[in-house]
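These notes concern the structure reproduced below.
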There are 2 protein chains.
Amino acid sequence: MPTKRTEPSAPVPPDDAKPKAAERIRRTARELFYREGIRAIGVEEIVTRAGVTKPSLYRSYASKDELAAEYLRDYELAFWKVFEAGDENHPGDARAQLMAYFEGLAHRATQAGYRGCGLTNAVVEYPGDEHPARKVAQAHKRKLRARLVTMCASMGAKLPEQLADGLLLLLEGTFASGQLFGKQGPARSLVAVAEQLIDASLR
Amino acid sequence: MPTKRTEPSAPVPPDDAKPKAAERIRRTARELFYREGIRAIGVEEIVTRAGVTKPSLYRSYASKDELAAEYLRDYELAFWKVFEAGDENHPGDARAQLMAYFEGLAHRATQAGYRGCGLTNAVVEYPGDEHPARKVAQAHKRKLRARLVTMCASMGAKLPEQLADGLLLLLEGTFASGQLFGKQGPARSLVAVAEQLIDASLR
DNA sequence: TAGTCATGTTACCGACCGGTACGTTTGGTC
DNA sequence: GACCAAACGTACCGGTCGGTAACATGACTA
């Protein structure tokens with residue numbers, strides 16, 4: 001970098017200029033919380049792995065619990081991205097959209113080391129309704145359920161709520177079974193079973 | 001109890017004479033571990049609630065991890081009892097046996113405060129394959145899966161493994177959804193969906 | 001009545017937990 | 001260079017974690 005690097009003016013868009021430390025913490029927390037669980041990971045380990053120190057964490061996040069909630073908000077964004085990834089390939093075809101997601105999920109959930117859904121896992125880790133992380137997770141799952149209902153209605157299900165319930169059970173079952181069983185787990189049958197269920201619901 | 005209560009001889013069946021403290025610890029641990037999660041509960045709280053002290057715990061159990069594994073072994077026994085509870089009402093009818101269990105589960109999983117399956121929860125809490133509690137849980141789930149396969153075969157499924165996979169996904173999904181959603185959760189549709197799936201698999 | 005042994009108790013350990021007071025560095029502005 | 005605020009690091013806090021050494025107690029045997 002040979003020349004002087006001076007941004008002329010404009011104190012940079014106030015949002016964009018994320019303090020480096022906070023972002024490193026965020027990413028590190030995300031990876032560790034997901035892989036090892038929230039309770040299993042101490043703030044010390046997060047800041048060490050992120051190459052920062054504890055006060056940097058507590059300047060950007062009010063508490064470990066709040067950092068966990070933030071992690072889940074990030075996780076949720078990533079989830080919806082994956083969930084809607086194939087939508088443009090199947091415009092207006094809710095069934096194909098959903099099955100595209102299911103296919104990807106079935107693949108991931110039969111990989112060794114799969115850890116399921118970070119949001120569901122957080123609910124298991126924090127049974128009490130008051131935990132901020134749990135609140136994020138529960139709100140997300142309600143959104144997901146509603147979304148499934150509209151998708152099921154648009155694919156012409158006789159009982160859209162019931163089909164959505166069934167597909168949600170399969171989803172959550174895949175999250176859990178993926179970490180319970182290894183590569184040959186029941187998630188391998190997810191797609192076939194979901195197809196059966198949808199077919200039966202249109203009949 | 002007016003008379004002197006002296007067992008004449010026979011130093012009581014050696015197994016039956018469980019030391020009171022160990023048993024209290026076992027029961028207390030079981031309740032707390034299930035309700036709050038294993039990581040959330042410290043040994044101090046267990047012994048306090050059980051009315052004993054820590055050394056009593058460590059004389060009967062090698063470590064907290066081992067106590068957790070013991071809790072899951074107890075949990076598994078209780079599970080099979082419930083799972084097979086309706087069997088004598090439907091001798092030789094695997095489908096009716098399974099649906100009887102599903103009906104009970106759907107009811108429990110739509111109660112407020114439902115905490116899912118202790119074995120699945122333990123796997124979520126301990127991602128590492130080496131933890132003794134996780135080993136118990138995974139062994140149990142393999143057993144359950146095998147059992148479902150034989151049941152599905154005996155009800156005449158075209159693809160018993162696939163139907164068993166589907167039902168297991170529904171099961172695990174119910175465990176998770178029960179704690180995610182309240183009383184009107186997707187577990188309410190478990191029975192109807194399972195029936196659809198079984199019907200489709202016989203066709 | 002003395003001995004034995006399983007069980008229960010008091011008091012403590014080092015390690016780690018989440019969280020913070022306070023000093024130091026850094027980078028942009030004149 | 002002088003200044004200043006924002007970002008960062010050092011060192012530490014009380015509390016709790018899982019686990020243990022050493023001792024007291026009680027019940028049964030001889």
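Basis for what follows: all heavy atoms, side chains included, without hydrogens, waters or symmetry-related copies. Owing to the predicted nature of the structure, the values given are computational and were not obtained by experimental measurement. Order of the sequence lines fixes the chain letters, A, B, ..., with proteins taken first and strands second; residue numbering starts at 1 for each chain.
- Within the 4.0 angstrom heavy-atom criterion, only backbone atoms of the sugar-phosphate kind lie near A/S56; the bases stay farther away.
- Taking atom NZ of residue A/K20 and atom C1' of nucleotide C/dT26, one finds them 11 Å apart after rounding to whole Å.
- Between B/L57 atom CG and C/dT7 atom C1' the separation is 14 Å, expressed in whole Å.
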Below 3.5 Å is the cut-off: list the nitrogen or oxygen pairs between protein and nucleotides 17-19 of chain D, distance only.
{"from": "D/dG18", "atom 1": "OP1", "to": "B/K64", "atom 2": "NZ", "distance (Å)": "2.8"}
{"from": "D/dG18", "atom 1": "OP2", "to": "B/V43", "atom 2": "N", "distance (Å)": "2.9"}
{"from": "D/dG18", "atom 1": "O6", "to": "B/K54", "atom 2": "NZ", "distance (Å)": "3.4"}
{"from": "D/dG19", "atom 1": "OP2", "to": "B/Y58", "atom 2": "OH", "distance (Å)": "2.7"}
{"from": "D/dG19", "atom 1": "OP2", "to": "B/K64", "atom 2": "N", "distance (Å)": "2.8"}
{"from": "D/dG19", "atom 1": "N7", "to": "B/K54", "atom 2": "NZ", "distance (Å)": "3.2"}
{"from": "D/dG19", "atom 1": "O6", "to": "B/K54", "atom 2": "NZ", "distance (Å)": "2.1"}

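- Taking B/K143 as the reference, B/E76, B/W80 meet the side chain to side chain contact (heavy atoms under 4.5 Å, CB included) condition, with sequence neighbours excluded.
- In this structure, A/R59 places its CZ atom 13 Å from C1' of D/dA5, rounding to the nearest Å.
- Between A/E66 atom CD and C/dG18 atom P the separation is 15 Å, expressed in whole Å.
- Under the side-chain hydrogen bond (donor to acceptor under 3.5 Å, both in side chains) criterion, B/R147 pairs with B/E84, sequence neighbours left out.
- By the salt bridge (Lys or Arg N to Asp or Glu O under 4.0 Å) test, B/R95 is found to be paired with B/E195, B/D199, residues two or more places apart in sequence or in another chain being considered.
- Partners of A/R27 by salt bridge (Lys or Arg N to Asp or Glu O under 4.0 Å), not counting sequence neighbours, listed by chain and number: A/E23.
- For B/T53, a side-chain nitrogen or oxygen approaches OP1 or OP2 of C/dT9 to under 4.0 Å.
- Residues that satisfy the side-chain hydrogen bond (donor to acceptor under 3.5 Å, both in side chains) test with B/D87, not counting sequence neighbours, are absent from this structure.
- Relative orientation of the A/F33 and A/Y71 rings is tilted, given thresholds of 30° and 60° on the angle between their planes.
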